[in-house]
Asker: 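Before anything else, here's the structure in question.
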Amino acid sequence: LIPVFMKGEGGIRPPLSFMKKTEVGILGATGMVGQRFVSLLEHHPWFEVKWLAASECSAGKIYREACNWRLRDPMPKSAWDLPVHECKPGGAPQLLFSSLDSKVAGEVEKEFAQAGHVVVSNSSNFRMEHDVPLLIPDVNPDHLVLVREQRTQRKWKGMIVTNPNCT
């Protein structure tokens with residue numbers, strides 16, 4: 001088979017089915033929102049879940065042992081044997097989706113951003129910060145310019161972006 005190439009910005013590129021997926025991690029992977037991330041990203045055309053993190057109680061176990069799966073859809077087989085890590089930078093992919101409880105999200109997400117990770121947060125901890133974009137990608141992608149200020153003022157190598165509401 002000869003792949004069909006598409007024209008787009010930057011010239012001719014292969015269709016998405018031929019592009020390498022971006023490896024992502026999930027902070028708070030064993031909770032309900034973390035489980036939803038695992039489920040939604042299972043067949044995502046751009047992202048592949050390769051790293052999971054949760055509380056100290058779950059760290060060191062494989063996902064199917066650490067997670068009390070509560071969603072209607074079955075746990076994706078691709079996640080079954082993934083190790084669950086502590087919520088600490090080191091070995092995590094650059095892009096992380098955070099479903100951490102707000103009691104711990106602030107410090108943990110900050111630690112990852114300082115270490116150079118891109119954290120997409122569902123928690124409310126950074127929502128009211130002037131330099132953290134409340135991002136709805138189809139509506140206000142231009143708000144990402146705030147990241148420059150965030151990195152400069154906070155001296156972070158990475159960044160935190162958040163959504164305007166946990167839903």
Asker: State, to 0.1 Å, how close L134 and P164 come at their nearest heavy-atom pair, and which atoms those are.
Answerer: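 Minimum heavy-atom contact is CD2-CA, 4.1 Å.
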Asker: Mark yes or no for whether N163, through its side chain, and N165, through its backbone, hold a donor-acceptor pair below 3.5 Å.
Answerer: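 Yes; at least one donor-acceptor contact below 3.5 Å.
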Asker: Evaluate whether atom CD of Q153 has more than 12 neighbouring non-hydrogen atoms of other residues, nucleotides or ligands under 6.0 angstrom away.
Answerer: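 Counting other residues, nucleotides and ligands, CD of Q153 exceeds 12 neighbours.
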Asker: Does K61 NZ have over 12 foreign heavy atoms under 6.0 Å away?
Answerer: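 Counting neighbours around NZ of K61, more than 12 heavy atoms of other residues, nucleotides or ligands fall under 6.0 Å, so yes.
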Asker: Linking I/L/V/M/F/W/Y whenever any side-chain heavy atoms sit under 4.5 Å apart, do V119 and L146 land together?
Answerer: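 They do not share one cluster, since no chain of ILVMFWY contacts under 4.5 Å joins V119 to L146.
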Asker: Hey, does C87 have a side-chain heavy atom less than 4.5 Å from the side chain of L100?
Answerer: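 Heavy-atom side-chain distance check passes, below 4.5 Å.
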Asker: Ignoring hydrogens, what is the shortest heavy-atom contact between P141 and L135? Give both atom names and the distance.
Answerer: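 Heavy atoms of P141 and L135 come nearest at CA-CD1, 4.0 Å.
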Asker: Look at the side chain of R127 and the backbone N and O of N122, then say whether any donor-acceptor pair between them is shorter than 3.5 Å.
Answerer: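 Checked: pair present.
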Asker: Do V132 and F97 belong together in a cluster built from hydrophobic side chains that touch within less than 4.5 Å?
Answerer: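 No, V132 does not connect to F97 through the hydrophobic network.
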Asker: For the pair T162 (side chain) and S121 (backbone), establish whether a donor and an acceptor sit closer than 3.5 Å, ignoring hydrogens and angles.
Answerer: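 Judged by distance alone, yes, a pair lies under 3.5 Å.
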Asker: Could you give all pairs that pass the ring-ring contact (aromatic ring centres under 6.0 Å, His included) test and reach residues 116-161, with sequence neighbours left out?
Answerer: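 Listed by first then second residue: F112-H117.
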Asker: Which pair of heavy atoms, one from M75 and one from C67, lies closest together, and at what distance?
Answerer: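 Shortest heavy-atom contact: CE-CB, 4.0 Å.
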Asker: Using atom types as modelled and distance alone, determine if a side-chain donor or acceptor of S99 lies under 3.5 Å from a backbone N or O of V33.
Answerer: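 No: the side chain of S99 does not pair with the backbone of V33.
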Asker: Search all heavy atoms of A113 against all heavy atoms of I160 and return the closest pair with its distance.
Answerer: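 Taking A113 first and I160 second, the nearest heavy atoms are CB-CG1, 3.8 Å.
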Asker: Counting neighbours of NZ on K21 that are heavy atoms of other residues, nucleotides or ligands and sit closer than 6.0 Å, is the number greater than 12?
Answerer: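 Check passes, neighbour count above 12.
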Asker: Does some side-chain heavy atom of W51 sit less than 4.5 Å from a side-chain heavy atom of H85?
Answerer: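 When only atoms from C-beta onward are counted, W51 and H85 do touch, with a gap below 4.5 Å.
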Asker: Side-chain heavy atoms under 4.5 angstrom apart, residues restricted to Ile, Leu, Val, Met, Phe, Trp, Tyr: same cluster for M32 and L41?
Answerer: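 As far as the 4.5 Å side-chain criterion goes, L41 and M32 are connected within one cluster.
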Asker: So D142 and L144, do their side chains get closer than 4.5 Å, heavy atoms only?
Answerer: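 No - every pair of side-chain heavy atoms lies 4.5 Å or more apart.
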Asker: Tell me which pairs pass ring-ring contact (aromatic ring centres under 6.0 Å, His included) where either residue lies in residues 52-82, with sequence neighbours left out.
Answerer: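 Sorted result for residues 52-82: empty, none.
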Asker: Which atoms form the tightest heavy-atom contact between M159 and Q150, and what is the distance?
Answerer: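 So the minimum-distance heavy-atom pair works out to CA-OE1, 3.1 Å.
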Asker: Has the side chain of Q94 got a donor or acceptor atom that lies under 3.5 Å from a matching backbone atom of G158?
Answerer: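 No: the side chain of Q94 does not pair with the backbone of G158.
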Asker: Less than 4.5 Å apart, any side-chain heavy atom of P133 and any of V147?
Answerer: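 In short, these two side chains touch, coming nearer than 4.5 Å.
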Asker: May I ask you to test the E42-V49 pair for a side-chain heavy-atom distance under 4.5 Å?
Answerer: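 E42 vs V49: side chains apart.
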Asker: Taking the side chain from Q35 and the backbone from T30, do they hold a donor-acceptor pair closer than 3.5 Å?
Answerer: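 Here the side-chain-to-backbone pair exists.
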Asker: In sequence, state the C-alpha distance, the side-chain angles, and the governing distance for V24 and V120, and then conclude on side chain to side chain contact (heavy atoms under 4.5 Å, CB included).
Answerer: CA-CA 11 Å; V24 300; V120 180; over 6 Å; no
Asker: Stepwise, does the side chain to side chain contact (heavy atoms under 4.5 Å, CB included) test hold for V38 with L71?
Answerer: CA-CA 11 Å; V38 170; L71 301 183; over 6 Å; no
Asker: For A79, is there any backbone N or O sitting under 3.5 Å from a side-chain donor or acceptor partner on R64?
Answerer: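 No: the side chain of R64 does not pair with the backbone of A79.
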Asker: Could you tell me which non-hydrogen atom of P76 sits nearest to which non-hydrogen atom of S39, and how far apart they are?
Answerer: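 Closest pair (atom of P76, atom of S39, distance): CG-CA, 4.1 Å.
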Asker: Do V118 and L27 sit in the same hydrophobic cluster, where Ile, Leu, Val, Met, Phe, Trp and Tyr count as joined when their side-chain heavy atoms come under 4.5 Å apart?
Answerer: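 In one cluster with V118: L27, no.
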Asker: Find out if a path of hydrophobic residues (ILVMFWY) with successive side-chain heavy-atom gaps under 4.5 Å connects L40 to I136.
Answerer: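 No; tracing contacts between hydrophobic side chains, which count when under 4.5 Å, never links both residues.
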Asker: Tell me, please, which residues at least two apart from R36 pass salt bridge (charged side-chain N to carboxylate O under 4.0 Å, His left out).
Answerer: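 Here no residue qualifies.
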Asker: For the atom pair NZ (K157) and CZ (R151), what is the distance rounded to the nearest 0.5 Å?
Answerer: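 That separation rounds to 11.5 Å.
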